[in-house]
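Before any comments, here is the structure.
This structure is a prediction, so every number in the text was calculated from the model and none was measured. Residue numbers begin at 1 in each chain, while the letters A, B, ... track the order of the sequences.
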Protein chains: 2
Amino acid sequence: MQNQQVLTKNQKIVLDIIEKSSQPLKAYSILFDVKKRGINAPLQVYRALDKLVEIGKIHKIESRNSFIACKNSKCQITKATVFSICENCEDVKEIHDHKLSEHLKHYKDNKGMKYSKYNLEFFGLCKRCIKN
Amino acid sequence: MQNQQVLTKNQKIVLDIIEKSSQPLKAYSILFDVKKRGINAPLQVYRALDKLVEIGKIHKIESRNSFIACKNSKCQITKATVFSICENCEDVKEIHDHKLSEHLKHYKDNKGMKYSKYNLEFFGLCKRCIKN
DNA sequence: TAATTTTTGTTATAATATAACACTATGTAA
DNA sequence: TTACATAGTGTTATATTATAACAAAAATTA
Ligand SMILES: [Zn+2]
Ligand SMILES: [Zn+2]
Ligand SMILES: [Zn+2]
Ligand SMILES: [Zn+2]
């Protein structure tokens, strides 16, 4: 039931802001946006973010310290994420590639480690930025 | 010649500390360690770190905001990195897996993006931590 | 030499994230 | 219902990570 969880007021407010954005948002930019809705302190935002990441509603883009909504219900179970990031315009998209996911999910190293999660970030130039 | 570059004094000091550590180090912990060697300010450390990352001598572990020395000369060209991170003891190892690297290097999405770089972080439990 | 670029040292500050504590709401079990 | 446990809230303060701005020194180049 983890991914059908009832969200609290603050969690809903923060998720709402992130879902309405096409691009990843930073914690303090979210804080700025939600001040008119009664959230006043960083910690209130970070707590909501932590929970939303935990239940898979959003993902953290580690290299950018920012947060993006997940549109794929499968992520909420797998905690396996792949992103494409344009280094020029900072456009970020989540990649859902079944073959790639399977490959990574089943990856085994020779050190006897047991993996439960992965995060892959591709960097480059998006179509639009290549042209310019 | 990028990866045979002559390092400056500060860059050498910082690289030396990181290479002597088996585990990733954080910028301010590096700063603490190098104070006896004449480096006094965060910026001096961050500047050295930036350069060392740029030339591939070290990598940043994005999810941990820490830095680890690279032992594989190939990384210095490819900017393609894979890490395994134990979520219990925080042990980090760089993974060099030719097949995986090739797979990722040649990955193409359907959005027309041109990738020049990637970073993959696997999370789980290391052999030792599984037993305990 | 002079001009240019890179690195340095320094102070200050920005941006990102968590600790600690008292309190409130919600769920679960006598 | 009461008691207890769990999770979330609001708040203040603080820790951690990272960069801006500027003047001076060193290294590179022409
Ligand atoms: Zn997702
Ligand atoms: Zn772009
Ligand atoms: Zn490497
Ligand atoms: Zn471990």
Side-chain angles (χ1 to χ4, degrees), chain A residues 1-18 21 23-68 87 90 92 119 121, chain B residues 1-18 21 23-55 57-68 85 87 90 92 119 121:
Chain A
M1 303 293 150
Q2 185 83 313
N3 54 349
Q4 297 174 8
Q5 188 156 356
V6 176
L7 300 178
T8 66
K9 177 177 141 276
N10 287 0
Q11 289 161 8
K12 271 182 210 154
I13 293 172
V14 169
L15 178 58
D16 185 50
I17 296 279
I18 298 176
S21 167
Q23 289 306 303
L25 297 177
K26 304 202 147 221
Y28 277 73
S29 123
I30 294 168
L31 176 58
F32 180 86
D33 287 345
V34 299
K35 282 207 161 151
K36 62 195 76 147
R37 294 222 243 162
I39 293 180
N40 303 300
L43 201 43
Q44 296 175 290
V45 171
Y46 278 105
R47 286 198 280 228
L49 289 172
D50 284 351
K51 190 65 181 182
L52 293 169
V53 167
E54 188 192 325
I55 64 177
K57 290 285 189 187
I58 64 174
H59 303 300
K60 182 173 186 181
I61 311 296
E62 292 289 354
S63 66
R64 299 297 188 262
N65 299 315
S66 61
F67 300 85
I68 193 169
E87 291 190 291
E90 292 295 321
V92 174
N119 178 55
E121 299 181 1
Chain B
M1 305 292 152
Q2 184 83 313
N3 54 349
Q4 297 174 8
Q5 188 155 355
V6 175
L7 300 177
T8 66
K9 179 178 140 272
N10 288 359
Q11 289 160 9
K12 272 183 210 154
I13 293 172
V14 169
L15 178 59
D16 186 51
I17 296 279
I18 298 176
S21 167
Q23 288 306 305
L25 298 177
K26 305 204 147 218
Y28 277 74
S29 123
I30 294 168
L31 176 57
F32 180 85
D33 287 345
V34 298
K35 280 205 163 155
K36 62 195 75 149
R37 295 223 242 162
I39 293 180
N40 303 300
L43 199 44
Q44 294 175 290
V45 172
Y46 278 104
R47 286 198 280 226
L49 290 172
D50 285 350
K51 190 65 180 185
L52 293 168
V53 166
E54 188 192 323
I55 65 177
K57 290 284 188 187
I58 65 174
H59 303 300
K60 182 173 187 181
I61 313 296
E62 293 289 354
S63 66
R64 299 297 186 262
N65 299 315
S66 61
F67 300 85
I68 193 169
I85 302 170
E87 293 190 292
E90 292 294 323
V92 174
N119 178 54
E121 299 181 1

Need the bend value for the helix from C:dT1-D:dA30 to C:dA30-D:dT1: angle between end axes, 5 pairs each end, nearest 10°. 40°
Audit row: A:Leu49, A:Ile18, side chain to side chain contact (heavy atoms under 4.5 Å, CB included) steps and yes/no: CA-CA 10 Å; A:Leu49 289 172; A:Ile18 298 176; 3.6 Å; yes
Atom CZ of A:Phe32 to atom C1' of C:dA14: distance rounded to whole Å? 16 Å
Within the pair B:Lys26 and D:dT17, is there a side-chain N or O less than 4.0 Å away from OP1 or OP2? yes
Yes or no on side chain to side chain contact (heavy atoms under 4.5 Å, CB included) for B:Asn119 and A:Ser63, after CA distance, side-chain angles and deciding distance? CA-CA 9 Å; B:Asn119 178 54; A:Ser63 66; over 6 Å; no
Between B:Val14 and B:Ile39, is the side chain to side chain contact (heavy atoms under 4.5 Å, CB included) condition met? List the steps. CA-CA 9 Å; B:Val14 169; B:Ile39 293 180; 4.3 Å; yes
How close do B:Val45 and B:Ala27 get, heavy atom to heavy atom, and via which atoms? CG1-O, 3.8 Å
Determine whether a donor-acceptor pair (N or O, by modelled atom type, separation under 3.5 Å) exists between the side chain of B:Lys26 and the backbone of B:Arg64. yes
Would you confirm whether B:Glu121, through its side chain, and B:Ile61, through its main-chain N or O, come within 3.5 Å as a donor-acceptor pair? no
Can you pull out the residues from residues 38-48 of chain A that lie within a 4.0 Å heavy-atom distance of DNA chain D? A:Asn40, A:Ala41, A:Leu43, A:Gln44, A:Arg47
May I have the distance from A:Asn10 (atom CG) to C:dT26 (atom P), rounded to whole angstrom? 13 Å
Answer yes or no: does a side-chain N or O of A:Lys12 lie under 4.0 Å from OP1 or OP2 of D:dG8? no
Looking at every non-hydrogen atom in both residues, tell me the closest pair between B:Ile68 and B:Val92 and how far apart they are. CD1-O, 3.9 Å
What is the distance from NZ of B:Lys9 to P of D:dA25, rounded to the nearest Å? 15 Å
Between NZ of A:Lys35 and C1' of D:dT11 the distance, given in whole Å, is 13 Å
Quickly work out the A:Leu31 CG to D:dG10 P distance and round it to whole Å. 13 Å
Roughly how many Å is it from CG in A:Leu7 to P in C:dA25, rounded to a whole number? 19 Å
Does any N or O donor sit under 3.5 Å from an N or O acceptor when you compare the side chain of A:Tyr28 with the base of C:dA14? no
Nearest whole angstrom, please: distance from the P of D:dT16 to the CG of A:Asn65. 16 Å
Taking atom P of C:dT16 as reference, at what distance in whole Å does atom CG of A:Asp50 sit? 15 Å
